[in-house]
Amino acid sequence: MSSFATSNARAEMSELRRLRTLLPPELQSWVTVEANMASNPPLITCEEIGKDQVEVQINLARWDQLAKDQRNLLFWHEVARIQNDTIPRDGWEMAALAIGLGGAVGELWVQDGLLLLLAMGLCGFSGWRLYQRNNSQNALEHATAADEKAIALATRFGYTLPNAYKSLGSALKVLAEQSPNKRKRKQVEARLQALKASAAEAKARSQAMRGSNPQASYGSSYP
């Protein structure tokens, strides 16, 4: 048992080291990759852990069930979120909303109109930021933009364009099948549909460039 645990720990560390090599050089000094030790964590996510420091967190128990190419494209999706600056912040909006509400109640009591307006303004701004963060359409747009950049990152690391689309598409299918949350499953399915549309456009451009032989090369490898 001890030997198995040691072997498993080594395999996990090896995978984390491998993923770090997939970071673009410009991110390697301030982005880290670690195992997510929380209870029932998501497959992969990232968050700010300090000023100018971001951590990609992996649920290694689930991660190991995916094919290597699927892991790579999901990892690059998170890298793309970092590059696009769309990762969650420290949640100051909830604190600001609480302060604003408390201030508004207090100013109603003392009847200070100016401070009441300031407190209501803080409530409104923090509420608007919370809406933006939780708006499903915004989240989908950010996710599809990260998928597109993940494809570009994959080609930067040696993937052909069709294989990059195929690997990410198959990974999204697995995520959709495994998601117990209906809302999250629909979002993954929407990402998959957007990815298929993008792949079709890329295939059409490739065929147009080849001209006389549209079925040549790897055109049918697109998802």
Side-chain angles (χ1 to χ4, degrees), residues 8-9 11-24 31 33-47 54-84 86-88 136-203 218-223:
N8 188 56
E12 291 179 349
M13 291 302 298
S14 177
E15 175 64 3
L16 293 175
R17 285 194 297 268
R18 186 187 74 83
L19 291 173
R20 291 181 190 116
T21 68
L22 299 182
L23 287 168
V31 176
V33 186
E34 301 294 339
N36 194 329
M37 307 304 292
S39 175
N40 193 28
L43 174 66
I44 180 171
T45 189
C46 56
E47 65 178 33
V54 176
E55 185 174 270
V56 181
Q57 300 172 347
I58 310 289
N59 180 341
L60 290 169
R62 291 179 56 196
W63 190 251
D64 190 52
Q65 299 171 14
L66 297 170
K68 183 178 179 180
D69 287 336
Q70 293 173 332
R71 298 179 209 167
N72 290 352
L73 268 296
L74 290 177
F75 178 75
W76 282 321
H77 171 86
E78 295 302 314
V79 171
R81 290 177 63 210
I82 296 170
Q83 292 179 324
N84 290 344
T86 56
I87 62 174
S136 58
Q137 185 58 40
N138 282 348
L140 178 60
E141 289 175 1
H142 291 161
T144 54
D147 286 338
E148 289 290 336
K149 183 164 282 189
I151 296 295
L153 282 166
T155 61
R156 178 176 171 181
F157 278 82
Y159 278 70
T160 64
L161 196 58
N163 284 341
Y165 275 111
K166 185 176 180 181
S167 296
L168 182 55
S170 64
L172 292 179
K173 288 178 182 177
V174 172
L175 291 185
E177 292 169 357
Q178 293 182 350
S179 177
N181 184 294
K182 185 177 180 180
R183 180 181 176 184
K184 289 184 179 179
R185 182 167 63 252
K186 283 189 173 182
Q187 187 178 63
V188 174
E189 290 171 347
R191 286 173 59 190
L192 184 57
Q193 290 304 312
L195 187 71
K196 288 181 178 179
S198 176
E201 293 176 2
K203 181 178 179 180
Y218 45 73
S220 60
S221 296
Y222 285 92

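Below, each value reflects all heavy atoms present in this structure, side chains not excepted, and no hydrogens, waters or symmetry copies. Source: prediction; values computed, not measured.
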To the nearest 0.5 Å, atom CG of Leu23 lies from atom CG of Leu153 at 10.0 Å
What one should report as the nearest heavy-atom pair of Ala164 and Ala154 is CB-CB, 3.8 Å
Please determine whether side-chain contact (heavy atoms from CB on, under 4.5 Å) holds for the pair Leu73 and His77, giving the CA-CA distance in whole Å, both sets of side-chain angles, and the decisive distance to 0.1 Å. CA-CA 6 Å; Leu73 268 296; His77 171 86; over 6 Å; no
Given the options Gln57, Glu55, Arg81, Cys46 meets side-chain contact (heavy atoms from CB on, under 4.5 Å) only with Arg81
Scanning both residues in full, the closest heavy-atom pair of Trp76 with Leu22 reads NE1-O, 3.0 Å
Notebook entry, point to check: Can you find a heavy atom in the side chain of Leu19 that is under 4.5 Å from one in the side chain of Val56?
Noted result: no
Without swapping roles, check the side chain of Ser170 against the backbone of Ser167 for a donor-acceptor pair under 3.5 Å.
yes
(Q) Is it the case that the side chain of Thr21 and the backbone of Arg18 share a donor-acceptor pair, with hydrogens and angles ignored and the cut-off at 3.5 Å? (A) yes
What one should report as the nearest heavy-atom pair of Ala202 and Tyr165 is CB-CE1, 3.9 Å
task = Please assess Tyr159 against Asn72 for the test side-chain contact (heavy atoms from CB on, under 4.5 Å), listing each intermediate value before the final yes or no.
result = CA-CA 11 Å; Tyr159 278 70; Asn72 290 352; 2.9 Å; yes
To the nearest 0.5 Å, atom NZ of Lys166 lies from atom CD1 of Ile151 at 13.0 Å
In this structure, CD of Glu15 is separated from CZ of Arg20 (nearest 0.5 Å) by 10.5 Å
Tightest non-hydrogen contact, residues Lys184 and Ser179, listed as CB-OG, 3.7 Å
Notebook entry, point to check: Under 4.5 Å between any side-chain heavy atoms of Leu16 and Leu60, yes or no?
Noted result: yes
Closest non-hydrogen contact found for Leu192 with Gly169 is CD1-O, 3.6 Å
Residues pairing under salt bridge (charged side-chain N to carboxylate O under 4.0 Å, His left out) where one sits in residues 56-68, two or more places apart or in two chains, turn out to be Asp64-Arg71
The reported gap from CD1 in Ile44 to CD1 in Ile58 (rounded to nearest 0.5 angstrom) is 3.5 Å
In this structure, OG1 of Thr45 is separated from CG of Asn59 (nearest 0.5 Å) by 11.5 Å
Rounding to 0.5 Å, atoms NZ (Lys182) and CD (Glu189) come to a distance of 10.0 Å
Q) Does some side-chain heavy atom of Gln65 sit less than 4.5 Å from a side-chain heavy atom of Val174? A) no
Closest heavy-atom pair, Ser198 versus Glu148, reported as atoms and distance to 0.1 Å, is OG-OE2, 2.6 Å
